[in-house]
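In what follows, a single structure is set out as structure tokens and then discussed.
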Amino acid sequence: MQSAEMPDLPADLHGRIAFLAAPTEVAMAARERLAARHGDPQPEEAAVIVALGGDGFMLETQHRFLGRNPPIYGMNCGSVGFLMNAFREEELPQRLAAAQSATLFPLRMRTVAGDGERREALAINEVSLLRETRQAAKIRILVDGKERLPELICDGILVSTPAGSTAYNLSAHGPIVPLGANLLPMTPISAFRPRRWRGALLPGEAVVMFEILEFEKRPVAAVADYVEVRDVRSVEVREDRSSRLTLLFDPDHGLSERIIAEQFTV
């Protein structure tokens, strides 16, 4: 979901901006300068979070504040900055006041391991299943309780959020999905059979169940962003609308625009 509304921020942001930095010399030096200029409150006391780093650090910051949902504005001090705004120290309060917001919903992964242990984790980018050994995985796929693929032989498979569709999903040749489309791309990773199956686009409310066939012989790990569960027997994936994230972007450079522009990059 994408919103072009202005975020509800205080008129005076001095002392209300928390600056978080990736553990790099460039990002930490920028944090010191910005905090000296605008104040240095604790993140829990701030009206807005400014994350200094790359997309990896932005993902860490989003996970840190899941459940609280403060608006997060990223400035690129890293190597990859798809989710980040351009780094510029001048007029930061004015940029924040003029920013447009994007509301994101994560995926909830529920796993059952071979020994019966159950675990849950949230993914902002994607939930991926990956083979653990030299042998290909065999996976049965059900959507909303209905079998859609009795057996997929592959290196793995993933379900992505629209925001994450430009990450691992795109590298696996999956489709880029605009934020407002209410779709979840499901993309196989090096599928062997069915050889011509290229994945699916699912409604945002779909509930996906992956059942691992021959799970003892062909072990599979499930990963929600960077939370890994090994030796799974089944994995359920669905969008979690009870959790949300608000990201801020400079006007005319919002996340929806970036996702559209990425599809015309050659």
Side-chain angles (χ1 to χ4, degrees), residues 1-3 5-107 121-126 161 163-164 166-168 179 223-228 240 243-251 253-255 258-259:
M1 177 182 295
Q2 173 84 15
S3 171
E5 297 178 357
M6 302 298 181
D8 187 16
L9 298 177
D12 183 4
L13 284 171
H14 186 79
R16 304 298 307 278
I17 307 170
F19 297 97
L20 303 178
T24 66
E25 183 176 344
V26 171
M28 291 188 290
R31 197 203 92 80
E32 292 300 315
R33 294 192 302 271
L34 288 164
R37 187 172 181 175
H38 299 287
D40 194 18
Q42 294 297 312
E44 293 74 20
E45 302 168 354
V48 60
I49 307 294
V50 172
L52 305 167
D55 282 348
F57 184 69
M58 173 60 87
L59 189 63
E60 292 178 20
T61 304
Q62 291 172 317
H63 274 279
R64 176 175 173 179
F65 293 100
L66 265 176
R68 280 194 53 219
N69 190 31
I72 302 173
Y73 181 88
M75 285 204 292
N76 190 16
C77 295
S79 57
V80 180
F82 186 82
L83 297 176
M84 314 301 278
N85 299 286
F87 181 83
R88 191 173 73 248
E89 296 184 27
E90 296 75 20
E91 300 181 337
L92 180 58
Q94 292 88 335
R95 291 175 74 185
L96 293 173
Q100 297 178 347
S101 65
T103 302
L104 311 180
F105 299 99
L107 300 173
L122 292 174
I124 296 166
N125 275 354
E126 75 279 317
T161 65
T166 60
Y168 191 8
L179 286 183
V223 184
D225 286 348
Y226 45 72
V227 175
E228 182 182 48
D240 187 348
S243 302
R244 65 179 59 206
L245 297 151
T246 301
L247 302 189
L248 303 181
F249 295 94
D250 292 331
H253 295 281
L255 189 53
R258 296 178 192 206
I259 288 174

**Pairwise distance CG(Asp250) to CG(Leu96) - rounded to 0.5 angstrom** = 8.5 Å

**Asked** When rounded to the nearest 0.5 angstrom, what is the spacing between CZ in Arg95 and CZ in Phe249?
**Response** 12.5 Å

**Item:** 4.5 Å side-chain heavy-atom contact, Asn125 and Tyr168
**Value:** no

**Complete:** So the salt bridge (charged side-chain N to carboxylate O under 4.0 Å, His left out) pairs with at least one residue in residues 71-92 (sequence neighbours excluded) are Arg33-Glu89

**Item:** Between CG on residue Asp225 and OG1 on residue Thr161, distance to nearest 0.5 Å
**Value:** 8.0 Å

**Qualifying residues under side-chain contact (heavy atoms from CB on, under 4.5 Å), relative to Asp55, sequence neighbours excluded** = Val80, Phe82, Leu83, Met84

**Fill in**
Closest non-hydrogen contact found for Ser101 with Leu248 is CB-CD2, 4.0 Å

**Asked** Looking at Ala30 and Cys77, what are the two nearest heavy atoms and their distance?
**Response** CB-SG, 4.5 Å

**Closest non-hydrogen atom pair between Arg244 and Leu66, with its separation** = O-CD2, 4.4 Å

**Asked** Quick one: OG on Ser243 to CG on Leu104, what's the gap to the nearest 0.5 Å?
**Response** 12.0 Å

**Item:** Contacts of Asn69 that satisfy side chain to side chain donor-acceptor pair (under 3.5 Å) - sequence neighbours left out
**Value:** Thr246

**Request:** Report the distance from atom CZ of Phe19 to atom CG of Leu34, rounding to the nearest 0.5 Å.
**Result:** 4.5 Å

Just distance, no hydrogens or angles: give the donor-acceptor pairs under 3.5 Å from side chains in residues 35-53, sequence neighbours left out.
{"residue": "Asp40", "atom": "OD1", "partner": "Arg31", "partner atom": "NH1", "Å": "3.0"}
{"residue": "Asp40", "atom": "OD2", "partner": "Arg31", "partner atom": "NH2", "Å": "3.2"}

**Message:** Whether the side chain of Asn76 engages the backbone of Gly54 through a donor-acceptor N/O pair (distance < 3.5 Å, no angle test) should be reported.
**Reply:** no

**Request:** Measure the spacing between CD1 of Ile72 and CG of Leu245 and express it to the nearest 0.5 Å.
**Result:** 6.0 Å

**Prompt:** Which pair of heavy atoms, one from Ala121 and one from Ala224, lies closest together, and at what distance?
**Reply:** CB-CB, 3.9 Å

**Request:** Go through the structure and list residues passing salt bridge (charged side-chain N to carboxylate O under 4.0 Å, His left out) with Glu60, not counting sequence neighbours.
**Result:** none

**Request:** Taking all non-hydrogen atoms of both residues into account, name the closest pair between Ala163 and Ile259 and its distance.
**Result:** CA-CD1, 4.5 Å

**Message:** Going by ring-ring contact (aromatic ring centres under 6.0 Å, His included), name the pairs with one or both residues in residues 50-72, residues two or more places apart or in two chains.
**Reply:** His63-Tyr226

